[in-house]
Amino acid sequence: MSTRTKIVIGGVAVGLLLMPLIGFWMSLLVVVGLPALAYLALDPGQRRRLRRVSRKELGR
């Protein structure tokens with residue numbers, strides 16, 4: 001399995017575990033919001049590098 005697949009499976013698992021505890025909308029906010037917050041916490045150079053790596057993987 002690729003690293004991206006493992007991350008997606010982990011995110012789905014976290015969402016499913018949180019859903020009964022905090023509700024659907026709050027768990028969706030956590031699953032979508034945490035990666036977005038982590039991306040925004042990167043400095044501009046790290047964001048460029050991340051985008052460049054992602055585009056290279058798409059061209060494989």
Side-chain angles (χ1 to χ4, degrees):
M1 264 193 295
S2 71
T3 303
R4 183 166 285 185
T5 305
K6 291 176 188 176
I7 292 171
V8 168
I9 290 172
V12 170
V14 167
L16 289 174
L17 289 173
L18 287 176
M19 200 177 302
L21 298 174
I22 60 175
F24 174 75
W25 293 111
M26 287 299 290
S27 63
L28 184 65
L29 180 66
V30 168
V31 169
V32 173
L34 284 180
L37 184 64
Y39 178 78
L40 292 173
L42 297 174
D43 63 76
Q46 291 171 322
R47 289 182 195 167
R48 273 193 305 273
R49 182 175 174 203
L50 184 62
R51 283 193 304 267
R52 187 175 60 241
V53 168
S54 296
R55 280 195 300 263
K56 282 183 182 177
E57 288 180 358
L58 289 175
R60 266 197 288 179

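Just so you know, these numbers come straight off a predicted model, no measurement behind them.
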Does any part of the side chain of Leu40, heavy atoms only, come nearer than 4.5 Å to the side chain of Arg47, both counted from C-beta?
yes
Give the minimum heavy-atom separation between Ser27 and Leu18, together with the two atoms involved.
CB-CB, 3.9 Å
Within this structure, what is the CZ-CG distance for the pair Arg48 and Leu42, rounded to the nearest 0.5 Å?
11.5 Å
In terms of hydrophobic clusters joined by side-chain contacts under 4.5 Å, are Met19 and Trp25 together?
yes
Look at the side-chain heavy atoms of Ile, Leu, Val, Met, Phe, Trp and Tyr, link any pair under 4.5 Å apart, and say whether Tyr39 and Val32 land in one connected group.
no
Can you get from Val14 to Leu21 by hopping between Ile, Leu, Val, Met, Phe, Trp and Tyr side chains that sit under 4.5 Å apart?
yes
